[in-house]
Amino acid sequence: MSEQSRGTGRIRGTGSRRRKPTRRHRTKVIAAWTVAGVVVVGGAGLGYAYMALDGNLSSIDIDAKLGTDRPDDVDDGSQDILVLGSDSRSGDNGKYGQDEGAARSDTAMVVHVDKGHKSASVVSIPRDTLIERPACESDTTGDPVPAEHRAMFNTAYEVGGPACAVKTVESMSGIRMDHYLEVDFTGFKKLIDELGGVEITTKTAINDSKSHLDLEPGTHTLNGEESLGLVRTRKSVGDGSDLGRIQLQQAFIKALMEQTKSVGVFSSPKKLFGLADAATKAITTDSGLGSVKKLSGFANGLKGLGADNVHMVTLPVEYDPADPNRVLPQEKAGRQVWAALKHDRPIPASATEKSAGDKGDADQVVE
């Protein structure tokens, strides 16, 4: 399917939309953030339930699929993880609508954890970014899929599954992904409810008829359903664009990380098991994280991270002059972002200051 026929919701906050985005597109974003937060912050305590939870996990051998034609594997203690949200509606996901073809990834985040595991940088890649997609292999038929010029980023997952998504990110960034984490968005509400909700403070009222969220200014403890509404909200964030919504979701994940640390996860085996059960049912990992023992060992090395140690940005982009429904990477600024991650340095503020993705103004809506 061509790039024009996929992901046709407008990015700009003005003008009409060619296709109304569905609920499933919006929920995947926060599902990805939720499981990433749970794994990074709460995963260290999963070890006591290895046998009970191992059966929940699904894994993919990314290394075997991609072979050796990849960026160098730099063994300096840092970690780079690609986190994706898939919109497949198979199984329990069917309640969110019927499949219209292959599953796509509408959420993508590169999480870089520094070599000391004391801080992390997160780069969100807008799904409508036009990129040079490398040649891949279909994950359903095994047939070769040719490279494509000006392909939407989220088509990589559509045509080649997780391995093609990883290959595309590595081609864009020049950075080898150490791990892969894919999220089933149907687990989102249960995760939030298992946590007892997430506390959010709104600076202004949010009344969004599309996301069905109505909040007065003030502090709120959002349950799973309300959290879905928050991360679906677009009209109440900056210029109303999808790029602004990414900023709102980034604010939510920081609140989620703080909530995970404050609810007594480590002191309550029952709460921990409920959270771990929901999280492990919601994710697919690379084979390097394909057991609870591996996953909890990985997360144990990251348990010192808090919201204040995580810097979140959106890949620097600009609207495509030929199609306002798409964005183009800002090449020079993008190179600054990827170079910072590659050399284990903080992302410079100058790299994103002229990006369309830096104009969402979510900080004017949520603290």
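Residues Thr314 and Ser124 bring no donor and acceptor atom of their side chains to less than 3.5 Å of each other. Side-chain contact annotation: Glu199 with His220, donor-acceptor N/O pair under 3.5 Å absent.
Using a 4.5 Å cut-off on side-chain heavy atoms (C-beta onward), Ile125 and Asn154 make no contact. Here the side chains of Ile347 and Leu341 are in contact, with some heavy-atom distance below 4.5 Å. For the pair Ser59/Leu289, no side-chain contact is recorded, criterion being any heavy-atom separation below 4.5 Å from C-beta on. In this structure, the side chains of Leu66 and Val166 come closer than 4.5 Å at one or more pairs of heavy atoms. Contact annotation: the side chain of Ser287 never approaches that of Asp63 to less than 4.5 Å [non-hydrogen atoms, C-beta and beyond]. Inter-residue side-chain proximity for Leu191 and Leu256 is flagged as unmet; no heavy-atom pair is nearer than 4.5 Å. Counting heavy atoms from C-beta on, the side chains of Met172 and Leu315 come closer than 4.5 Å.
Put simply, the side chain of Asp320 never gets that close to the backbone of Arg326: no donor and acceptor are under 3.5 Å apart. No donor-acceptor distance shorter than 3.5 angstrom exists from the side chain of Thr285 to the backbone of Leu181, with no hydrogens or angles considered. A donor-acceptor pair under 3.5 Å is formed between the side chain of Ser355 and the backbone N or O of Val317. A donor-acceptor pair under 3.5 Å is absent between the side-chain atoms of Glu318 and the main chain of Gln330, judged by distance alone. Remark: side-chain polar atoms of Lys254 are paired, donor with acceptor, to backbone N or O of Val310 under 3.5 angstrom.
Qualifying side chain to side chain contact (heavy atoms under 4.5 Å, CB included) partners for Ser171, counting only residues two or more places apart in sequence or in other chains: Pro134. Taking the side chain to side chain contact (heavy atoms under 4.5 Å, CB included) definition, one finds that Ser291 meets it with Asp54, Lys293, Lys294, sequence neighbours left out. Every residue two or more places apart in sequence or in another chain that forms a ring-ring contact (aromatic ring centres under 6.0 Å, His included) with His179 is listed here: Phe298. Considering only residues two or more places apart in sequence or on other chains, Pro71 meets the side chain to side chain contact (heavy atoms under 4.5 Å, CB included) condition with Glu170, Arg176.
Here the closest heavy-atom approach between residue Gly334 and residue Pro316 is recorded as N-CG, 4.2 Å. Closest of all the heavy-atom pairs between Pro346 and Ala340 is O-CB, 3.6 Å. The two residues Leu84 and Ala108 come nearest to each other via the heavy atoms CD2-CB, 3.5 Å. Between Tyr319 and Pro324, the shortest heavy-atom contact is CD2-O, 4.0 Å. Contact between Asn223 and Asp193 at its shortest, heavy atoms only, is CB-OD1, 3.5 Å. Considering all non-hydrogen atoms of both residues, Glu226 and Leu213 come closest at O-CD1, 3.8 Å.
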Report the C-alpha distance between Tyr180 and Val169 in whole Å, list the side-chain angles of each, state the deciding distance to 0.1 Å, and finish with yes or no for side-chain contact (heavy atoms from CB on, under 4.5 Å).
CA-CA 11 Å; Tyr180 172 82; Val169 170; over 6 Å; no

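Using a 4.5 Å cut-off between side-chain heavy atoms of Ile, Leu, Val, Met, Phe, Trp and Tyr, with links allowed through other members, Ile175 and Val74 fall into different hydrophobic clusters.
Within the structure, disulfide (SG to SG under 2.5 Å) contacts touching residues 121-177 (residues at least two apart or in different chains) are Cys136-Cys164.
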Indicate every side-chain donor-acceptor pair of residues 110-120 with a distance under 3.5 Å to a residue at least two apart or in another chain.
residue: His112; atom: ND1; partner: Asp80; partner atom: OD1; Å: 2.7
residue: His112; atom: NE2; partner: Asp344; partner atom: OD1; Å: 2.7
residue: Asp114; atom: OD1; partner: Gly116; partner atom: N; Å: 3.4
residue: Asp114; atom: OD1; partner: His117; partner atom: N; Å: 2.7
residue: Asp114; atom: OD1; partner: Lys118; partner atom: N; Å: 2.9
residue: Asp114; atom: OD1; partner: Ser119; partner atom: N; Å: 3.3
residue: Asp114; atom: OD2; partner: Ser119; partner atom: OG; Å: 3.1
residue: His117; atom: ND1; partner: Gly301; partner atom: O; Å: 3.0
residue: His117; atom: NE2; partner: Gly77; partner atom: O; Å: 2.8

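Residues Lys167 and Asp69 are not paired through a salt bridge, judged by the lack of any N-O separation under 4.0 Å between the basic side chain and the carboxylate. Here Asp61 does not pair with Lys65 in a salt bridge; the nearest charged N to carboxylate O distance is not below 4.0 Å.
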